[in-house]
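Below you'll find the structure, written out as structure tokens, and then a few comments.
Computed from a predicted structure; not experimentally measured. Just so you know, these numbers use all the heavy atoms, side chains as well, and skip hydrogens, waters and symmetry mates.
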Amino acid sequence: MDASGTAPATAPKTVFKQKVFSGVQPTGNLHLGNYLGAVTKFVDLQDRYDCIYCVVDLHAITVWQDPPELTRAIREVTAAFLAAGIDPKKHIVFNQSQVAEHAELAWVFNCVARLGWMNRMTQFKEKTGKDRENASLGLYAYPSLMAADILVYRATHVPVGEDQKQHVELARDIAQKFNNDFGPQIASHGFGDAFFPLPEPLIQGPATRVMSLRDGSKKMSKSDPSDQSRIALTDDADAIAMKIRRAKTDPDPLPHEEKGLETRPEADNLVGIYAALSGKTRADVLKEFGGAQFSVFKPALADLLVAKLSPITAEMRRLKDDVSYIDSVLADGSARAQVIAAETMKSVKDIVGFVRR
Ligand code: AQP
């Protein structure tokens with residue numbers, strides 16, 4: 001860097017190691033949307049990337065959480081990760097609050113992100129509705145913490161459901177602005193032309209946005225007051241069959257072509273769920289069920305759900321009761337995550353200009 005603070009024009013292009021990061025909030029029972037939109041993707045990516053999967057408990061407290069229930073939910077989400085097939089030895093599984101660097105980097109990002117960017121976040125608007133004055137400051141700043149979660153590991157890929165796309169895009173904006181604002185310092189500390197990668201959302205497959213079983217225009221969500229709106233990963237076979245039987249549909253048979261689903265959100269949702277669970281496309285499912293009434297399709301879907309979910313549910317129940325094992329996985333994962341996060345924070349402090357030990 002010269003005296004004017006200009007980055008050398010020759011700063012080499014930074015090459016980032018490909019790495020996956022994603023998280024799930026411990027805010028109640030995991031549902032089919034979390035499972036198909038996120039957790040199954042986490043499992044699939046393990047063969048191709050180094051992965052870091054986090055139970056994001058700091059995000060959970062942006063809305064009130066009963067403390068004993070939060071503790072239970074942290075262990076339950078961890079059990080779900082393991083039961084679904086995430087390998088905590090090859091990869092990293094931990095809970096966010098055990099690695100203080102997430103909050104530390106989030107503060108730096110609070111000073112990089114612009115208010116105008118935050119004001120565009122649709123999830124904040126949806127979650128607060130007319131009661132915005134009463135929302136926590138944490139809920140407003142949530143996307144900045146999410147950017148820190150990803151970037152404290154300098155992760156390049158983020159598997160999420162469709163609803164989180166805007167937040168990953170904000171993480172890219174924050175990374176880009178940090179790289180621009182501190183360009184000369186980044187180069188002079190030997191990091192090339194960028195310190196943070198611009199993380200890419202991975203949103204693929206037929207179930208990136210699983211909708212409520214009661215209303216095809218609303219996403220399936222943990223916070224929906226109606227338990228009938230979602231399949232929880234803890235539901236037994238009878239509950240699954242009942243919820244699918246009662247799922248809102250229309251009176252027509254299933255169409256033969258995907259185009260016929262365009263104006264039928266509830267039918268589209270059930271076909272999408274079937275497709276994701278069976279590893280098929282919507283078109284394949286309609287080849288098999290086109291022309292069938294829901295009285296035929298719904299029992300087939302319920303059977304498929306039970307076949308796919310019950311081994312995971314059983315394993316989850318077993319693991320959940322083994323509190324010392326779950327806590328040891330989280331402790332080990334947190335220690336390994338912290339080594340990476342601390343290294344990033346050391347560099348961030350140097351780049352920003354803080355004096356450190
Ligand atoms: N309905 C969904 N379809 C597909 N993917 C979904 N995800 C959530 N809902 C759906 C994805 O699951 C991951 C973890 O989500 P989260 O727990 O961190 O937060 P969320 O998106 O706020 O989930 P909920 O269930 O809607 O919680 P509440 O009701 O508390 O807000 C993310 O990758 C998310 O995209």
Side-chain angles (χ1 to χ4, degrees), residues 20 22-25 28-46 53 77 80-81 83-86 123 157-168 200-224 228-235 239-241 243-244 247-249 254-255 257-290 294 297-298 300-313 316:
V20 163
S22 196
V24 172
Q25 294 190 70
N29 290 332
L30 284 194
H31 54 71
L32 188 64
N34 301 133
Y35 178 67
L36 294 177
V39 179
T40 55
K41 310 284 169 56
F42 297 180
V43 175
D44 293 346
L45 290 164
Q46 294 184 107
Y53 295 129
V77 172
F81 281 179
I86 292 172
Q123 193 178 80
H157 293 82
V158 189
V160 281
E162 183 70 42
D163 60 315
Q164 290 294 335
K165 185 170 180 230
Q166 195 185 31
H167 290 162
V168 182
E200 276 178 42
L202 296 176
I203 304 172
Q204 286 145 2
T208 56
R209 191 172 174 83
V210 176
M211 307 309 275
S212 157
L213 298 178
R214 308 301 302 159
D215 178 352
S217 68
K218 273 174 37 190
K219 78 161 188 151
M220 187 177 284
S221 153
K222 298 186 205 103
S223 53
D224 191 313
Q228 298 296 313
S229 70
R230 62 186 160 256
I231 306 278
L233 288 193
T234 45
D235 282 345
I240 292 174
K243 287 179 181 179
I244 294 296
K248 188 177 165 202
T249 43
L254 283 173
E257 306 284 334
E258 258 185 284
K259 204 164 168 34
L261 292 172
E262 276 172 12
T263 52
R264 300 173 63 188
E266 284 85 12
D268 181 56
N269 190 36
L270 296 187
V271 171
I273 293 171
Y274 193 102
L277 287 169
S278 56
K280 294 178 177 166
T281 62
R282 277 180 169 74
D284 290 337
V285 177
L286 294 179
K287 258 187 220 142
E288 197 180 336
F289 288 99
F294 282 105
F297 181 64
K298 279 182 167 180
L301 175 58
D303 288 348
L304 182 61
L305 274 162
V306 170
K308 293 285 175 182
L309 295 185
S310 54
I312 296 169
T313 312
M316 226 173 108

Main-chain N/O of Ala267 paired with Thr249 side-chain donor or acceptor, under 3.5 Å:
no

Between Pro255 and Leu286, what is the shortest heavy-atom contact and its length?
O-CD2, 3.4 Å

Assess whether side chain to side chain contact (heavy atoms under 4.5 Å, CB included) is satisfied between Asp284 and Thr281, documenting all intermediate values.
CA-CA 5 Å; Asp284 290 337; Thr281 62; 3.2 Å; yes

Main chain of Gln166, side chain of Gln123: is a donor-acceptor contact present, judged purely on distance under 3.5 Å?
no

Report the C-alpha distance between Leu233 and Asn29 in whole Å, list the side-chain angles of each, state the deciding distance to 0.1 Å, and finish with yes or no for side chain to side chain contact (heavy atoms under 4.5 Å, CB included).
CA-CA 7 Å; Leu233 288 193; Asn29 290 332; over 6 Å; no

Look only at the side chain of Lys298 and the backbone of Ala247, and say whether a donor-acceptor pair between them is shorter than 3.5 Å.
yes

Quick one: are Phe289 and Val271 in side-chain contact, heavy atoms under 4.5 Å?
no

Quick one: do Val43 and Ile86 satisfy side chain to side chain contact (heavy atoms under 4.5 Å, CB included)? Show the steps, please.
CA-CA 5 Å; Val43 175; Ile86 292 172; 4.0 Å; yes

So which atom in Val160 and which in Pro201 form the shortest heavy-atom distance, rounded to 0.1 Å?
CG2-CB, 4.4 Å

Euclidean distance, Asn34 CG relative to Thr40 OG1, rounded to 0.5 Å
10.5 Å

Can you confirm whether Pro265 sits close enough to Ser217 that some side-chain heavy atom of one is under 4.5 Å from a side-chain heavy atom of the other?
no

Do the non-hydrogen side-chain atoms of Ile231 and Ile244 ever get within less than 4.5 Å of each other?
yes

Kindly compute the distance separating CD1 (Ile312) from CG (Leu30), expressed to the nearest 0.5 Å.
11.0 Å

For the pair Lys218 and Asp224, find out whether any cationic side-chain nitrogen is under 4.0 Å from an anionic carboxylate oxygen.
yes

So, does Lys222 use its side chain to make a donor-acceptor pair with the main chain of His31 at under 3.5 Å?
no

Nearest 0.5 Å, please: how far is CG in Asp235 from CG in Leu305?
10.0 Å

Measuring from atom OG1 of Thr263 to atom CG of Asp268, what distance do you get when rounded to the nearest 0.5 angstrom?
9.5 Å

Determine whether Lys41 and Ser22 make a side-chain contact, defined as any pair of heavy atoms from C-beta on separated by less than 4.5 Å.
no

Side-chain contact, heavy-atom cut-off 4.5 Å: Ser229 with Asp215?
no

Could you pull out all residues at least two apart from Glu288 that satisfy salt bridge (Lys or Arg N to Asp or Glu O under 4.0 Å)?
Lys280

Validation: residues 204-211 side-chain donor-acceptor distances under 3.5 Å, sequence neighbours left out:
none

Quick check against the 3.5 Å criterion: does Asp303 have a side-chain atom that pairs as donor or acceptor with the backbone of Ala300?
no

Rounded distance [0.5 Å steps], CE in Met316 versus OG in Ser310
13.0 Å

Quick check for you: to the nearest 0.5 Å, what is the distance between Tyr35 atom OH and Ile273 atom CD1?
13.0 Å

My understanding is that only residues two or more places apart in sequence, or in another chain, count here; which of them pass ring pair (Phe, Tyr, Trp, His ring centres under 6.0 Å) with Phe42?
Tyr53, Phe81

